[in-house]
S.K.: 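A single structure is presented below for examination.
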Amino acid sequence: MRYLTFALTKGRLAKQTLELLEKTGITCEEMKDPDTRRLIFVNEELKLKFFLAKGPDVPTYVEYGAADIGVVGKDTIDEEGRKLYEVLDLGFGKCRMCVCGPAEAGELLKHQEQIRVATKYPHIASEYFHDKKHQTVEIIKLNGSIELAPLVGLAEVIVDIVETGSTLRENGLEVLEEICPLSARVVVNRVSMQMESQRITKILNDLKEVLQER
Ligand code: PRP
């Protein structure tokens with residue numbers, strides 16, 4: 001039996017994924033050592049491997065088959081646009097992708113004005129403004145602290161993740177339009193889905209069962 005490899009998104013998502021997997025009987029003791037510098041963890045008995053990666057890299061590992069299964073946010077899946085199967089909503093990491101800005105900017109969205117949009121998600125923003133709303137906007141890619149952009153005059157609005165809404169509130173910004181709901185998803189390599197169908201389906205069914213019991 002060959003190893004099945006999981007690519008998990010470093011941080012909170014990986015922690016929640018491991019807790020969920022543990023409930024299905026899939027454990028990885030090696031990963032629990034907080035001081036470890038190892039990058040790959042193995043469960044010999046179940047012939048499973050796990051590694052942690054930056055969110056945007058997870059779909060890349062899965063598309064190329066370096067990982068059979070990945071767990072990553074829906075925002076990252078949509079932004080990266082990789083060829084893979086999105087098979088299961090894990091229901092955690094819930095948040096929303098939104099257009100946000102100062103209340104006055106709401107008018108600019110209604111009247112098809114040529115505005116600047118700052119975001120960490122240029123593909124999602126382009127698809128929303130250009131393809132869905134048919135509004136010509138200039139998209140400016142940033143790498144974090146996106147809420148700064150309208151405050152310092154870089155852009156009129158932003159496209160960003162809103163979870164609790166406190167970052168917006170504390171900076172005098174608000175949700176102007178909602179693009180889509182987000183949460184953690186399981187993705188599977190297209191070839192692995194055929195070649196390892198039985199093992200992968202079993203893992204997915206066990207996860208679904210645990211999710212239903214929650
Ligand atoms: C995310 C997102 C918002 C914030 C939303 O940023 O980009 O800034 O969280 O959360 P809230 O609605 O609960 O306030 P993150 O903390 O990931 O850092 P970043 O700004 O570097 O992207």
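Basis for what follows: all heavy atoms, side chains included, without hydrogens, waters or symmetry-related copies. Here the structure is a predicted model, which is why all the values come from computation and not from measurement. One-based numbering, in listed order, for ligands and for the atoms of each.
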S.K.: Determine, considering heavy atoms only, which of T167, L168, L148, V162 sits nearest to atom 4 (C) of ligand 1.
M.R.: T167

S.K.: For atom 17 (O) of ligand 1, what's the nearest protein heavy-atom neighbour? Residue, atom name and distance, please.
M.R.: K120 NZ, 4.6 Å

S.K.: Starting from atom 1 (C) of ligand 1, which protein heavy atom do you reach first, and at what distance in Å?
M.R.: I161 O, 4.7 Å

S.K.: For Y3, look at atom OH and say whether over 12 heavy atoms of other residues, nucleotides or ligands are found less than 6.0 Å away.
M.R.: yes

S.K.: How about atom 9 (O) of ligand 1: does it have a protein heavy atom within less than 4.0 Å?
M.R.: no

S.K.: If you have a sec, work out which protein heavy atom is nearest atom 3 (C) of ligand 1 and how many Å separate them, to one decimal?
M.R.: E147 OE2, 3.1 Å

S.K.: Please say yes or no: joined through hydrophobic side-chain contacts below 4.5 Å, possibly via intermediate residues, are L168 and I161 part of one cluster?
M.R.: no

S.K.: Heavy-atom distances under 4.0 Å decide this one: backbone, side chain, both or neither, for D160 against ligand 1?
M.R.: side chain

S.K.: For atom 20 (O) of ligand 1, what is the nearest protein heavy atom, given as residue, atom name and distance?
M.R.: S145 N, 2.8 Å

S.K.: Exactly one of L173, I158, T167, V159 should register a side chain to side chain contact (heavy atoms under 4.5 Å, CB included) with I146. Which one does?
M.R.: I158

S.K.: Kindly check if the number of other-residue, nucleotide or ligand heavy atoms within 6.0 Å of NE2 (H130) is above 12?
M.R.: yes

S.K.: Under 4.0 Å from atom 15 (P) of ligand 1, is there at least one protein heavy atom?
M.R.: no

S.K.: If you measure only the distance, is there a donor-acceptor pair under 3.5 Å linking the side chains of E127 and Y121?
M.R.: no

S.K.: Under the 4.0 Å line, does any protein heavy atom show up next to atom 6 (O) of ligand 1?
M.R.: no

S.K.: Once you measure the plane-to-plane angle for F50 and F6, does it fall in the parallel (<30°), tilted (30-60°) or perpendicular (>60°) bin?
M.R.: parallel

S.K.: Should we count NZ of K47 as having more than 12 external heavy atoms under 6.0 Å?
M.R.: yes

S.K.: Counting from 1, what ligand 1 atoms have a heavy atom of S166 closer than 4.0 Å?
M.R.: 12 (O), 14 (O)

S.K.: Considering only protein heavy atoms, which is closest to atom 13 (O) of ligand 1, and at what distance to one decimal place?
M.R.: T164 OG1, 2.5 Å

S.K.: Do E177 and K133 meet the salt-bridge criterion of a basic N to acidic O distance under 4.0 Å?
M.R.: yes

